[in-house]
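Remarks on the structure that follows.
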Amino acid sequence: MKAKIHVTLKQGILDPQGKAIEHALDSLGFQNAGNVRVGKYMEVDVNETDRAKADAQVKQMCEKLLANTVIEEYRYELG
Amino acid sequence: MKAKIHVTLKQGILDPQGKAIEHALDSLGFQNAGNVRVGKYMEVDVNETDRAKADAQVKQMCEKLLANTVIEEYRYELG
Amino acid sequence: MKSLVITQALLEQHKLSEDEYKKILEILGREPNWTELGMFSAMWSEHCSYKSSRIHLKKLPTTGPRVVQGPGENAGAVDIGDGLCAVFKMESHNHPSFIEPYQGAATGVGGILRDIFTMGARPIALLNSLRFGGLDNANTRHLLKGVVSGIAGYGNCMGVPTVGGEIVFNDIYALNPLVNVFCLGIARKDKIFLGKAAGVGNPVIYFGSKTGRDGIHGATMASDSFDEEAAQKRPTVQVGDPFTEKLLLEACLELMSGDCLVGIQDMGAAGLTSSACEMASREGTGVELELADVPRREPGMTPYEIMLSESQERMLMVAKAGREGEVIKICRKWDLDVAVIGRVTDTGKVVLKENGHIVAEIPAKALADDGPRYDRPSSPPAYQEMLQALNHDTLPDVKDANAALLALLDSPTIASKRWVYEQYDHMVRTNTMVRPGSDAAVLRVKGTNKALALSVDCNGRYCLLNPYEGAKIAIAECARNLACSGAEPIGVTDCLNFGNPQRPEVMWQFVLAIEGLKDACEALKVPIVSGNVSLYNETNDLSIYPTPMIGMVGLIEEADRTATQWFKQAGDVIVLLGRTREDLGGTEYLKVLHHREQGSPPLLNLEDEQAVQACTIRLIREGLVQSAHDCSDGGLAVALAECCVSGTDGRVGAVVELQLDGLRRDALLFGESQSRIVLSVKQEQVEKVLEVAMNAGVRASRIGTVGGSRLVIRVNGDQRAAGCTIDLDVTTVHERWALAIPRALGQD
Amino acid sequence: MNIGVVVFPGSNCDHDCEYIFKDVLGQSVKMIWHKDTLPAGLDAVVLPGGFSYGDYLRTGAIARFSPVMGGVKEFAREGRLVIGICNGFQILLEAGLLPGVMLRNTSLNFICKDVYVKVENAATRFTNRCESGQVLKIPIAHADGNYYTDPVTLAGVKANAQVIFRYCTADGKVTAEANPNGSLDNIAGIMNADGNVLGMMPHPERSAETVLGNEDGRLIFLSMLSAFGKSEQQSRLVGV
Ligand SMILES: Nc1ncnc2c1ncn2[C@@H]1O[C@H](COP(=O)(O)OP(=O)(O)O)[C@@H](O)[C@H]1O
Ligand SMILES: [Mg+2]
């Protein structure tokens, strides 16, 4: 099964990258682009046919390693 | 409109981050996780009601700045 | 102003005692509102008010002919000649780093950098002092990796080299790691900027990043102990943006090169509250601010949140009236948010308005200077005598000295820190003459013939066993590291990390440590010009070892008259300065090989120390030595091993002959007697060196020769068969020492 | 020689490059703010190291759009000398003045240390003072120095002798162990087909003075001066 995982900064946490990109877009002439937020997108193959088990594992991976839950949140789809 | 943009490494391009994560997952006991690929996920608000225009703009942002098309590919949804 | 029902719970939440609240009522002559309560809470926190430490800090020696700025400002400054000053300070970011190691450490670096460049100095060097638990713990490995990459991430991006530091691993720090960062900058003596709101009517200008809801009440958090519950709470973490800070740095220095600025201060702990009231209080003025004009990142922020936010990369300045335009232009050039948010007044008050309506009004001095001050009770802990009691007769002497040496070199506290400092850009700005890996880092000062040497040191275990002697040794060892590079110490900064001051035994440690710092600084004639106190370093009721971290700056008059610690040339003669005694108490040897942290720390005689250092500096200045290395953790054997294998251009062996002279073997090899320095000297200069030492009243003994591919240390002429001699291939020695930390981390 | 050093927001080694050219080699140096245009009369442009735009998004990705870059491209097209060091190299790649991209170091860590590089082509305007095959000790300091390009481009670059430096051992062997960051083919520096634009990850300005213990990097700058027709004697050498 393939897990598609999105890790993004929690609401209210400063996103320096997003800020810099927004600024760059602006000076490139995309004045109507705003509110840029940057996160990570990961794909992981999970060698597991049982959906519930795979789900539990991906959740654990996120909690333990893929997301820094102090400042980030995550969501994923299994497919 | 909000654009949700995924920028990922093209197939065949070495992904040092993905490799490192795979290794880390392995030593955390997730032996059945493999083939980890890491990309970027960005959200951009586009102040534009015309869907076609917004689409053209986001495409341009990706081509010009958000992705390096030598090694990366991008896809996005508008919503 | 809205009225508020002040409840017990509300006060507790704000960490204000009932007496403190009474004092607030007295000052205001009325009940505070929510915003005012928050401002008092932040400014009267331990972190900002130094309420438990202030009366003791007064005892420290802070003056001297070179002192240009002592404690009280953003950083201290000492004169280095040529019209220049060295501006430096050290600060802690312990609690934030435990919660989120990367961002905690990164924002710690950001904070100390701002302290330096607000003084008008360009930062040229960073150092860091770190304490972690043992590396066999997975969480400690996670903390170490996070902290090191956080320091690297911020410092590297700023283009300020991280040229040195120290790390100690001890389980006592497992749930309360220490992250102390030191920064040094260079300023022109006549262009030092201070944090003062002078000139009634002058504009108060905000610039840097926008204000968000980050780290509200960080100062109060730093004044609290940790327990499991606090770890759960995880307040909004501050995220650092080194890129914006780099712009802030360049913009500040550009602003300061003109004459439009009157005063400037960074928004560190307690954010806008502290910068506003401190700037006014220092000058005896007041400020009036319009909060609606403060640049904000999030909608709907209340005055309380705006005043207490600890968003990073922000500054407050006072400019000359009518010069706002120039200031704004420079800030805009660097793409920084900037806004005139108020004026300097003559009311002595901090007055805050929101769209013209007053939302808070407090005398500036009451917030900044009239906070509570406590002379907290102090008494030695019940276990102190037990800790100090160490009966040497119960310790078997070393049998296999080879194995003992290898075990010590494998101890992460002693091992090479290359894994750490390779992640730090330690060369940017092209001043680094001696990189991390020697006793002190040495940086040339461009435009002069001079160089500065920098070192940070503290042995917390010594301080636990005897806070007075331990603190003395911290100063002495730091100065000794500088002496080994030929530098004369000219100024000290400190970061006093202790446990909960409401425990009498912690106060006892604190008070004695201050005495030790004072005596040592006076003897070595070096003033303390800045510093920081971090209390409440305790988790689940367990306090850290008292850890008064010392950062010291030394001056080398001629940059090319310096030395490094490693042996240079086969055939050179090894000379030991100083005397070896039976000092086993509190040693790394005792911990690693006997699993005991006990005894009395080594004796330190300040006169002997002074003599050894002066002698070493003189020898280096006269070009008489090839290398100089002090003996610290692990004693003489470890120092010799480091001389053999720490060189940047390869390794070399040595053959050394020692005499017991009535000492135990382990004390001779691994004891940590103070005031000892290992020199290597060209054959033809040995006589001269011994003569200089004799005239200086320093014991100097020829103990061996550099060369070969083995490190051989023979005691009383014994042979390997006796099992006591050290005889190891330098490749083995190197491998053990160089790879210990990566090996310990490889367990993941 | 008239040198222009471009200052991007986040440039860190701009002062270091200025110091080498001006204070050590006695040349005239202009610092050029990235929002300005290139002044007339420059003989060479330096894109210095650092973290332009914080290295956010990708290294060099935002800086390549700085207003000054149009002028830099024009300057390069005219065949004049452009050198990009570290972040400057990354910017040249993103700007398309040199082929390829930089990936994260395989260790994922920032690495600061001395490395050895082998001069693969000494017949260039940046290396004419070196011997072919000479080994130079020059420090690196980067997190994204893992050079990558597609096989076709790589073949072209090699065939054209555009690979200028390769990471190697102290005795000049180009091995995997000597590769600090995973760079394709141990590539540490390349130039364009016309031979007037050089990008290199190691920092020659950090190893060009005796007081810093190493002068190998100086050869790069001296080569540029030679290429410009000045001998070492003519350029006022300030002995440091
Ligand atoms: N956290 C660190 N950051 C940078 N350099 C470090 C760090 N820890 C240790 N070092 C460097 O490693 C070398 C050895 O450190 P240490 O064993 O503490 O020396 P000493 O005992 O002489 O004080 C020094 O050059 C020091 O600057
Ligand atoms: Mg030392």
Side-chain angles (χ1 to χ4, degrees), chain A residues 1-47 54 57-78, chain D residues 6-14 32-38 47-74 84 86-88 90-97 101-110 142-144 146:
Chain A
M1 250 179 261
K2 195 189 257 335
K4 299 184 172 183
I5 306 165
H6 288 84
V7 177
T8 49
L9 285 169
K10 285 184 181 166
Q11 205 55 44
I13 299 270
L14 177 75
D15 179 2
Q17 278 213 78
K19 211 169 85 176
I21 294 173
E22 191 171 320
H23 191 83
L25 284 173
D26 194 71
S27 52
L28 279 177
F30 298 103
Q31 274 89 2
N32 58 356
N35 223 347
V36 181
R37 303 284 287 175
V38 181
K40 275 180 233 132
Y41 170 69
M42 285 168 275
E43 294 184 351
V44 181
D45 285 351
V46 185
N47 190 358
Q57 282 192 8
V58 174
K59 193 175 155 77
Q60 261 199 48
M61 290 178 201
C62 290
E63 288 282 338
K64 275 191 146 164
L65 181 73
L66 304 181
N68 174 355
T69 52
V70 180
I71 51 174
E72 294 171 329
E73 53 198 12
Y74 61 88
R75 63 192 158 82
Y76 57 85
E77 300 138 42
L78 271 173
Chain D
V6 177
V7 183
F8 296 98
S11 288
N12 283 337
C13 307
D14 46 343
I32 303 158
W33 181 235
H34 77 119
K35 287 181 189 166
D36 296 339
T37 47
L38 275 195
L47 304 190
F51 285 70
S52 60
Y53 291 95
D55 271 0
Y56 297 145
L57 190 61
R58 296 181 309 277
T59 57
I62 303 180
R64 76 171 250 234
F65 292 110
S66 278
V68 75
M69 285 305 291
V72 171
K73 281 186 186 170
E74 191 54 40
C86 198
N87 190 232
Q90 294 162 340
I91 296 170
L92 289 172
L93 294 173
E94 281 280 343
L97 283 166
V101 295
M102 285 297 173
L103 303 175
R104 283 297 289 278
N105 296 346
T106 39
S107 70
L108 299 189
N109 283 340
F110 189 96
H142 61 246
D144 303 79
N146 182 351

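Please read these numbers as outputs of a predicted model, since none were measured by experiment. In the text below, chain A, chain B and the rest are named by the order of the sequence lines, each starting its count at 1.
- Heavy-atom neighbours of Lys2(A) NZ from other residues, nucleotides or ligands within 6.0 Å: above the threshold of 12.
- For the pair Tyr76(A) and Cys62(A), the tightest heavy-atom approach, listed with the atom from each and the gap, is CD2-SG, 4.2 Å.
- Going from atom CD1 of Ile5(A) over to atom CE of Met61(A) covers 7.0 Å, rounded to the nearest 0.5 Å.
- A distance-only check finds a donor-acceptor pair linking the side chain of Asn87(D) to the backbone of Ser52(D) [under 3.5 Å].
- Remark: Asn12(D) pairs with Lys246(C), Val428(C), Phe51(D) by the side-chain contact (heavy atoms from CB on, under 4.5 Å) rule, at least two apart or across chains.
- Partners of Glu73(A) under the side-chain contact (heavy atoms from CB on, under 4.5 Å) rule, at least two apart in sequence or in another chain, are Thr8(A), Lys10(A).
- A donor-acceptor distance shorter than 3.5 angstrom exists from the side chain of Asn105(D) to the backbone of Asn109(D), with no hydrogens or angles considered.
- In this structure, His34(D) and Ser66(D) approach most closely via the heavy-atom pair ND1-OG, 2.7 Å.
- Using a 4.5 Å heavy-atom cut-off against chain D, no residue of residues 29-39 of chain A qualifies as contacting.
- A donor-acceptor pair under 3.5 Å links the side-chain atoms of Gln90(D) to the main chain of Asp144(D), judged by distance alone.
- Note that CG of Asn146(D) and CG of Leu103(D) are 5.0 Å apart. Values are rounded to the nearest 0.5 Å.
- Proximity to chain D at a heavy-atom threshold of 4.5 Å picks out Pro16(A), Gln17(A), Ala20(A), Ile21(A) from residues 14-22 of chain A, in numerical order.
- In this structure, chain A has a heavy atom under 4.5 Å from the side chain of Ile62(D), while its backbone stays farther away.
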